[in-house]
Amino acid sequence: MHSLGGFFGCIACSNTAWCVFAVFVCACSAPPAMPVASQLLRGLPRAKVLASSLLPCQQHQSQFGPAAHRPASRHPSHAWQRHQPSRSYRKTSAIHSYILTPPQVNSILKANEYSFKVPEFDGKNVSSVMGFESNQLPANAPIEDRRSAATCLQTRGMLLGVFDGHAGCACAQALSERLFYYIAVSLLPHDTLCELEAAVEAGRALSPILQWHKHPNDYFSREAQMLYFNSLRTYWQELIDLTSPGEVPETREALLNAFKRLDNDISLEAQVGDPNAFLHYWVLRVAFSGATACVAHIDGPDLFIANAGDARAVLGVQEEDGSFSAHTLSNDHNAQNEEEVARIRGEHPTSERKTVIRQDRLLGLLMPFRAFGDVKFKWSIELQKRVLESGPDQLHENEHTKFIPPNYHTPPYLTAEPEITYHKLRPQDRFLVIGSDGLWETLHRQEVVRIVGEYLTGVHQRQPLTVGGYRVTLGQMQGLLEERKARVSSAFEDQNSATHLMRHAVGNNEFGTVDHERLSKMLSLPEELARMYRDDITIIVTQFNPHMIGAQMQEGQS
């Protein structure tokens, strides 16, 4: 047991002395005694499956079961077929909320913010990363997004990831705990893997392979750590057999293998089950829920993005005139991506061409076309029935677990295989924004980069004031100009760039300015209404060191 604690290491946040055993706790705020039926699919009414036409925020609402089980007032029959998803909010006059004071707004926005600065050595930062800032704003209760950040102690590379869950938070939570370990192990050379295995065999303490950078609200699951370790150990044992002495992995292959292997382990653990009743519930929750993942690995000038789903990574590039432009490093895996549509249709018979994607959703249900978990879209019908029949009795009480997607003929329909993008960093590459789709639904990527760029540099690019086609009087125009002037002096009230960006994502009005009344109303919505107007938002802003990157470029050229 001591070797396990040493391997997983200590949490590198406010108290680095806390060993993994002391900080691993259940992450979905569901008590162990809660029946699995309510735990397993408690997030389904807000999942990324088949949007309801009556909900203002439509990208990720759910209809995961027969129409008879949906409240008639919110899901009228076939109404969704006549309405296309919209990224706009309903007019705030319909929102039943109250006005918060600025301190109350700030308290909500800053509750989950986190920042990390890479240490300097001898006055010189030796990393291409200066640091990062992150934040989360829930809409679901509990929030279904997760975030992770860690330094690989063997390679010194940094890992940052955003995980957007649906049908509950369980799968996203598991990814936030496990995926970076799979990536770190995949990056280890053959000889180091052998040293790890020899230490476990001998019962010796293991050196940690990750230094975590976590907010106090970011948790690990105490009950599942031994299960997770055993699966990880099996993985590195297979890597030892597949590699040769002296062999060093290639980053692209390591990321690809880690994603695919973890998804396979999630599926296998659910099929095998566990003698521990809580763990049996947990592995089923993880497998039957789902999550997208967007992960960055930064090592020197080498930036890799591994993406599966519709979270997004965008690079902020500073041009010669000081302005910022957006360079997208990931592709959304959904119906708006023609290559993804062609890929999925090409993997199934022509007889399913009209049914495999319906209403811009996989089998008419799921918005993202790549995701972890979601075994309802991967397992055969026979396997699903066998696992459910042998599962806990509480599963039989929930109709959602028995529901088979329509036109389900040739599974799997879903994959967790990531699309991997490589970018060699340049001095003009100033920052990277990774965000769940709750961010990109509200702000265009160019607007995101402009907001962050102006925040980090303190320089506002005075763009011509636009009113988006609205008719305004001279008095209204004067008011907008005065508001803009006041905003310049108070723009940096946030000490965290992710918080600053989140303020704009939630509070921007039709003129592109933060409207306090609108922001207040959106943040004061009760839990049962918040998800109807916006999605969970998770943001990580990573700032690069242009001087170090420039020096590395010169070294590479010499």
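Atoms considered below: every heavy atom in the structure, side chains included; atoms not considered: hydrogens, waters and symmetry mates. Counting from 1, the numbers follow the sequence of the chain as shown. Bear in mind the structure is a predicted one, so any value in this text is a computation, not a measurement.
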If every non-hydrogen atom of Gly161 is compared with every non-hydrogen atom of Ile540, which pair is closest and at what distance?
O-CD1, 3.5 Å

Not counting sequence neighbours, which residues clear salt bridge (charged side-chain N to carboxylate O under 4.0 Å, His left out) with Asp299? List them please.
none

Ser289 side chain to Cys171 backbone, donor-acceptor under 3.5 Å
yes

Say you draw a straight line from OG1 of Thr151 to CZ of Phe116; how long is it, rounded to the nearest 0.5 Å?
5.0 Å

Can you find a heavy atom in the side chain of Glu177 that is under 4.5 Å from one in the side chain of Ser221?
yes

Looking at Lys214 and Tyr219, would you say the former's side chain and the latter's main chain have a donor-acceptor pair under 3.5 Å?
no

Go through the structure and list residues passing side chain to side chain donor-acceptor pair (under 3.5 Å) with Ser115, not counting sequence neighbours.
none

Taking salt bridge (charged side-chain N to carboxylate O under 4.0 Å, His left out) as the test, write out the residues that go with Glu133, two or more places apart.
none

Value rounded to 0.5 Å, distance of CZ in Arg312 from CD in Glu441:
9.5 Å

Output all residues satisfying ring-ring contact (aromatic ring centres under 6.0 Å, His included) with His444, sequence neighbours left out; order by chain, then residue number.
none

Side chains of Asp437 and Asp332 in contact at under 4.5 Å (non-hydrogen atoms)
no

Looking only at non-hydrogen atoms, find the nearest pair between Phe544 and Asp429 and report the distance.
CD1-O, 3.4 Å

Taking atom types as modelled and ignoring hydrogens, do the side chains of Thr442 and Arg534 form a donor-acceptor contact shorter than 3.5 angstrom?
no

Arg252 side chain to Ile420 backbone, donor-acceptor under 3.5 Å:
yes

Could you pull out all residues at least two apart from Ser186 that satisfy side-chain contact (heavy atoms from CB on, under 4.5 Å)?
Tyr235, Ala254, Ala258

What do the steps show when you test Asp164 against Thr538 for side-chain contact (heavy atoms from CB on, under 4.5 Å), and what is the final call?
CA-CA 8 Å; Asp164 188 350; Thr538 298; over 6 Å; no

Set of residues satisfying ring-ring contact (aromatic ring centres under 6.0 Å, His included) with respect to Phe180, sequence neighbours excluded:
Trp212

Distance col, row Ile451:CD1 vs Glu454:CD, nearest 0.5 angstrom, shows 8.0 Å

Holding to side chain to side chain donor-acceptor pair (under 3.5 Å), I want the full list of residues that pass it with Arg261, two or more places apart in sequence or in another chain.
Glu238, Asp265

Tell me if a side-chain donor or acceptor on His516 pairs with a main-chain N or O of Thr101 at a distance below 3.5 Å.
no

Would you indicate whether the side-chain heavy atoms of Cys152 and Ile209 approach each other to under 4.5 Å?
no

Euclidean distance, Asp374 CG relative to Leu414 CG, rounded to 0.5 Å:
5.5 Å

Atom of Ser436, atom of Asp145 and distance for their closest heavy-atom approach
OG-OD2, 2.8 Å

Residues that Glu417 engages under side chain to side chain donor-acceptor pair (under 3.5 Å), provided they are two or more places apart:
none

My understanding is that only residues two or more places apart in sequence, or in another chain, count here; which of them pass salt bridge (charged side-chain N to carboxylate O under 4.0 Å, His left out) with Glu113?
none

Less than 4.5 Å apart, any side-chain heavy atom of Met226 and any of Leu279?
no

For residues Asp494 and Thr499, report the shortest heavy-atom separation together with the two atoms involved.
OD1-CG2, 3.7 Å

Here the gap from Ser148 atom OG to Tyr181 atom OH, rounded to the nearest 0.5 Å, amounts to 10.0 Å

Under the side-chain contact (heavy atoms from CB on, under 4.5 Å) criterion, do Asp515 and Thr513 qualify, and how do the steps go?
CA-CA 6 Å; Asp515 183 325; Thr513 62; 5.6 Å; no

Do His327 and His423 come within less than 4.5 Å of each other through their side chains, counting heavy atoms only?
yes

Heavy atoms, side chains only, cut-off 4.5 Å: are Trp440 and Val314 in contact?
yes

Verify ring-ring contact (aromatic ring centres under 6.0 Å, His included) between Phe324 and Phe431, making sure each step is shown before the conclusion.
CA-CA 10 Å; Phe324 286 88; Phe431 57 87; 5.7 Å; yes

Can you confirm whether Ile434 sits close enough to Thr542 that some side-chain heavy atom of one is under 4.5 Å from a side-chain heavy atom of the other?
no

Is Tyr114 reaching over with its side chain to a backbone N or O of Phe132, donor-acceptor style, under 3.5 angstrom?
no

Across all chains, not counting sequence neighbours, the ring-ring contact (aromatic ring centres under 6.0 Å, His included) partners of Phe369 are none

Asp536 side chain to Asn140 backbone, donor-acceptor under 3.5 Å
yes

ring-ring contact (aromatic ring centres under 6.0 Å, His included) against Phe259, all qualifying residues, sequence neighbours excluded:
Phe372

Considering non-hydrogen atoms only, spot the tightest contact between Arg147 and Ser176 and give its length.
O-CB, 4.1 Å

For the residue pair His504 and His500, categorise the inter-ring angle as parallel (less than 30°), tilted (30 to 60°) or perpendicular (more than 60°).
perpendicular

Heavy-atom nearest pair, Met158 first then Val118, reads CE-CG2, 4.1 Å

side-chain contact (heavy atoms from CB on, under 4.5 Å) for Val283 and Leu227? Distances and angles first, verdict last.
CA-CA 10 Å; Val283 296; Leu227 170 68; 3.5 Å; yes

side-chain contact (heavy atoms from CB on, under 4.5 Å) between Thr251 and Leu187: does it pass, once the steps are laid out?
CA-CA 7 Å; Thr251 304; Leu187 287 168; 4.1 Å; yes

Decide whether Tyr182 and Arg178 meet the rule of one side-chain donor and one side-chain acceptor closer than 3.5 Å.
yes

Could you tell me which residues satisfy salt bridge (charged side-chain N to carboxylate O under 4.0 Å, His left out) with Arg370, sequence neighbours excluded, listed by chain and number?
Glu340

Rounded to the nearest 0.5 angstrom, the CG-CD distance for Leu262 and Glu269 is 8.0 Å

Could you tell me whether the side chain of Val541 reaches within less than 4.5 Å of the side chain of Ser134, counting heavy atoms only?
no

